[in-house]
2 protein chains.
Amino acid sequence: MARRPANPISESMDDYLKAILVLGGSEGKKVTSTALARRLNVTPASITNMLQKLAASTPAMVQYERHHGVQLSSAGKKRALEVLRHHRLIETFLYEVLNYPIEEVHDEAERLEHFISERFEERIAAKLGHPKFDPHGHCIPALDGRMPKDSSMRLTDVRDEGTFIIDSISDIDARILKVLKVRGISPGVQLRVRDIYEDHGYAVSIGSSKKILQLSQADSAAIKIQPM
Amino acid sequence: MARRPANPISESMDDYLKAILVLGGSEGKKVTSTALARRLNVTPASITNMLQKLAASTPAMVQYERHHGVQLSSAGKKRALEVLRHHRLIETFLYEVLNYPIEEVHDEAERLEHFISERFEERIAAKLGHPKFDPHGHCIPALDGRMPKDSSMRLTDVRDEGTFIIDSISDIDARILKVLKVRGISPGVQLRVRDIYEDHGYAVSIGSSKKILQLSQADSAAIKIQPM
DNA sequence: TACTCGATTTAGGTATGCCTAAATATTAGG
DNA sequence: CCTAATATTTAGGCATACCTAAATCGAGTA
């Protein structure tokens, strides 16, 4: 029964799989080349190349039809969740154990996630008490890949004034993360939408404070919320 | 004064520099291609290629004359010491903070050393209290690259019975490391040489114990000692 | 001094993963 | 339903870092 060995998964392949996952390319939805190109900071041509490779590998990591987007196969999704788990555990570790400033954990985790062993993962998870959320409020996939469904919504989808709980903050832009930190905007905090400037941001207040904060559109786009 | 930027140092280049340092290619001594090839598990041809590259980079990382070996330039030595510091700090961290078994720290550190930031280094050094030695007994270079001179000798150079203190254990072979661990051979322990089997190993005893342990030549070669 | 053998270098080739420019497919508007 | 604008793919290149096979060098010995 000479089962041929699964071909190795490179660091780059991992990055692509994780990006597809985060952009929603599991559960039937498809992701476009352009969206991937933007997220990964490479040209669309490079995306096409890699998608062909991911589709051709054994087992196939994605389902891909040219000009019609990609989505993860079950093997691809499994792998992407492993990488995401690594990433978020490392972020939590850097924040909790090594006292990193929140806006620095992402870049470091982004590099390290490809190189830590299963043992490293196991040890930091144990040290942290098997956390369910990273410091940005994002859910950490379990070892078996299970992850509760995310019921949060984007602040930028809000059309009416109201009160919410901050669910999570996107970690990709350190600058925004720092801006939000100094304004007290972090997961779990209550956020009241006071005014909406169509496509130009929001006026909000935090907790029980009456102070009004102006958030740019870019800042607002990094915030996910839950209705109270 | 458009100073041209120093060209980037790749992960591979770091590996070569570190290998040259450890094989003694600082302080005037030269290292042969073959020795490097053996240590890095690549062919001699690959070594030649990389040495040419290291010699041609700005600033030059090594001095290299074909057929006559290499040695580190001051820039190369500085860099190699940085990488070695990373490596040994990470080993110490894995052992002390994450409770790794000693025989597993090397391989993990070998991968991670290339990817941690200055911040990561600074934080783990602080957390560990700026240690001077790694768990194998090797000296950790200071931030400025200074490192006390190593006055230890190889157990395999011992020709007469006598008593010594174990200085350090080579970390490159996990199997040997584990064998030595279960026999109680670790840095700081007293080791008595009882019998010498020319090129076939040693009979030793540990601490105040009378029990005689047989060490193979390979096991012995991993041990460095200090006269008492 | 010349020869031989081991050490080293050169030449040429592989794979990854990125790029640009040119070609082509899809989609939305008229 | 056709066309323009946009999205995507193809083709051809570059750099890194490794390999093998075929030269070539150099140190010790006859």
Side-chain angles (χ1 to χ4, degrees), chain A residues 4-20 23-25 29-58 60-71 76 79 83 110-111 113-115, chain B residues 4-20 23-25 29-58 60-71 76 79 83 110-111 113-115:
Chain A
R4 98 180 48 110
N7 19 24
I9 302 178
S10 68
E11 186 187 340
S12 259
M13 290 166 80
D14 275 344
D15 285 334
Y16 280 77
L17 294 174
K18 193 176 56 149
I20 297 169
L23 292 178
K29 276 204 297 179
K30 306 214 164 183
V31 174
T32 66
S33 300
T34 321
L36 277 170
R38 251 199 312 276
R39 182 160 185 109
L40 294 171
N41 282 312
V42 298
T43 61
S46 304
I47 300 288
T48 300
N49 266 308
M50 184 57 93
L51 293 186
Q52 289 171 342
K53 189 171 159 185
L54 288 168
S57 79
T58 315
M61 288 295 154
V62 300
Q63 289 151 247
Y64 167 60
E65 246 185 316
R66 54 200 203 126
H67 295 285
H68 294 285
V70 255
Q71 64 188 101
R79 178 67 182 200
V83 179
E110 191 74 16
R111 265 174 295 121
E113 66 190 6
H114 301 293
F115 307 108
Chain B
R4 94 182 54 107
N7 20 24
I9 303 177
S10 68
E11 185 188 340
S12 261
M13 289 166 81
D14 275 343
D15 284 335
Y16 280 77
L17 293 174
K18 193 176 58 151
I20 297 169
L23 292 177
K29 275 204 296 181
K30 306 216 167 187
V31 174
T32 66
S33 299
T34 323
L36 277 171
R38 252 200 311 277
R39 179 155 187 114
L40 294 171
N41 283 311
V42 297
T43 61
S46 303
I47 299 290
T48 299
N49 266 307
M50 183 58 91
L51 294 185
Q52 289 172 340
K53 189 171 159 185
L54 287 169
S57 80
T58 314
M61 289 293 154
V62 301
Q63 288 151 245
Y64 166 61
E65 247 185 313
R66 50 199 205 130
H67 295 285
H68 293 285
V70 256
Q71 64 188 105
R79 177 69 182 198
V83 179
E110 192 73 15
R111 266 174 295 122
E113 65 189 7
H114 302 293
F115 307 107

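Just so it is clear, the values below take in all heavy atoms, side chains as well, and ignore hydrogens, waters and symmetry mates. Letters A, B, ... mirror the listed sequences (proteins, then strands); counts begin at 1.
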Rounded distance (Å) that lies between atom P of dC25(D) and atom OH of Y64(B): 13 Å

Contact pattern, 5' to 3', of nucleotides 18-24 of chain D - B, S or - by protein heavy atom under 4.0 Å: SBB----

Can you see if the side chain of S33(B) gets near the phosphate of dT9(C) - specifically, an N or O under 4.0 Å from OP1 or OP2? yes

Rounded to whole Å, how long is the line connecting atom CG of L54(A) with atom P of dT9(D)? 13 Å

Check this one for me: any side-chain N or O of R66(B) less than 4.0 Å away from OP1 or OP2 of dG26(D)? no

Test ring pair (Phe, Tyr, Trp, His ring centres under 6.0 Å) applied to F115(B) - qualifying residues, sequence neighbours left out: F115(A)

Please state how far atom CD in E11(A) lies from atom P in dA17(D), giving the value in whole angstrom units. 13 Å

Taking only side-chain N and O atoms of K53(B), does any of them lie within less than 4.0 angstrom of OP1 or OP2 on dA17(D)? yes

Specify the separation, in whole Å, of atom CD1 of I47(B) and atom P of dT10(C). 14 Å

Would you indicate what T48(A) reaches in the nucleic acid, counting non-hydrogen atoms under 4.0 angstrom: base, sugar-phosphate, or nothing? base

Report the residues that fulfil side chain to side chain donor-acceptor pair (under 3.5 Å) with R39(B), sequence neighbours left out, ordered by chain and then residue number. none

Spacing between H68(B) atom NE2 and dC25(D) atom P, to the nearest angstrom: 11 Å

Contacts of Q71(B) meeting side-chain contact (heavy atoms from CB on, under 4.5 Å) (sequence neighbours excluded), chain-then-number -> K30(B), Q63(B)

Which pairs pass side chain to side chain donor-acceptor pair (under 3.5 Å) with one or both residues in residues 45-57 of chain A, sequence neighbours excluded? T43(A)-S46(A)

Starting at CE of M61(A), measure out to CD1 of I20(A) and round the result to the nearest 0.5 Å. 11.0 Å

Within this structure, what is the CD1-to-C1' distance between I9(A) and dG17(C), rounded to whole angstrom? 16 Å

Distance check, rounded to the nearest 0.5 Å: L36(B) atom CG versus Y16(B) atom OH? 8.0 Å

Among all residues two or more places apart in sequence or in another chain, which pass the side-chain contact (heavy atoms from CB on, under 4.5 Å) test with A37(A)? P44(A), I47(A)

Would you mind reading off the distance between L40(B) atom CG and dA17(D) atom C1', rounded to a whole angstrom? 13 Å

Would you kindly compare M13(A) and A35(B) by the position of their nearest DNA chain C nucleotide and give the one closer to the 5′ end? A35(B)

